[in-house]
Amino acid sequence: MNLRPEHRVLPRSFFNRDPRAVARELLGKLVVRREGRNTIAGRIVEVEAYMGAGDLAAHAAAGRTARNQVLWGPPGHAYVYFIYGMYYCLNISCLPEGVAGCVLIRALEPVAGVEEMAQARHLKDLHIQSLTDMRKLTSGPGRLCEALSITRTRDNAKDMVSPGSDLQASDDGFRTRKIKITKRIGIAKSAELPLRYVLDGNSFLSKT
DNA sequence: CAACCGATCACCT
DNA sequence: GGTGATCGGTTGC
């Protein structure tokens, strides 16, 4: 559960592809937040692909607006939006400039900065040996954004594959085992599409 | 410009 | 398993 020092930021070309391919291959990669000398990181264990106009659940389906324009921007940028009056969700843009698509990060397995995560989540008396407690840190799209202090003001449109960025998508060489594909969670339209990708059996998936 | 509602979570029964 | 919290973006009047 330690961050290997040799992890590398993903190349932009990684995100310049169909969101379904990006989603599948993002499993096992890292989201890394740099806060001064602190590093907070989690391994991606659950994601969902969101497509363009044909995907009625995607924000891109409504067309380009001030809120969602990042989806049409260059690949590898954070699309952060505010939801339910109190939470944020983190997506990473896919496909070349002018073509909409993204991957929603739904759950992380804590890798570094557990203390900082617990503080940001306002969780007191977190027992690091308790899986139930550890799951509260980053097992859900709203939870992981709070744990990594991801907000729209701070992070929307941020380049996540730039070496100097304080929010990065990174690869430490972790090899995934079995991947499971299911329907997406919490949506009404296009709900039947199999676009959710998880590391099968991982303890840090959202829900139970 | 008022009304609606969502890619959620915590807490309750 | 159910529901209240809470608010910005979008839509419809």
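Note on naming: letters A, B, ... go to the chains in the order of the sequence lines (proteins, then strands), and numbering restarts at 1 for each one.
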Out of curiosity, does A/Leu193 fall in the hydrophobic cluster containing A/Leu104 (side-chain heavy atoms, cut-off under 4.5 Å, transitive links)? no

Same cluster or not: A/Ile105 versus A/Leu167, using hydrophobic residues (I, L, V, M, F, W, Y) connected whenever any side-chain heavy atoms lie under 4.5 Å apart? yes

Atom-pair distance (CZ on A/Arg152; C1' on C/dC7), nearest Å: 12 Å

Pairing residues for A/Arg154 by the side chain to side chain donor-acceptor pair (under 3.5 Å) criterion, not counting sequence neighbours: A/Glu35, A/Asp166

Side chain to side chain donor-acceptor pair (under 3.5 Å) partners for A/Asp55, two or more places apart: A/Arg184

Which atom pair, heavy atoms only, marks the closest approach of A/Leu95 to A/Asn16? C-OD1, 3.3 Å

Which whole number of Å gives the distance between the C1' atom of B/dC5 and that of C/dT3? 16 Å

Indicate for each nucleotide in nucleotides 2-13 of chain B, in 5' to 3' sequence, whether protein heavy atoms under 4.0 Å reach the base (B), only the sugar-phosphate (S), or nothing (-). ----BBBBS---

Salt bridge (Lys or Arg N to Asp or Glu O under 4.0 Å) partners for A/Glu25, two or more places apart: A/Arg17

Mind checking what makes salt bridge (Lys or Arg N to Asp or Glu O under 4.0 Å) contact with A/Arg12, not counting sequence neighbours? A/Asp159

Dot-bracket encoding per residue of DNA chain C, Watson-Crick/G-U cut-off under 3.5 Å, | denoting interstrand: |||||.||||||.

Any donor-acceptor pair under 3.5 Å linking the side-chain atoms of A/Gln168 with those of A/Arg34? yes

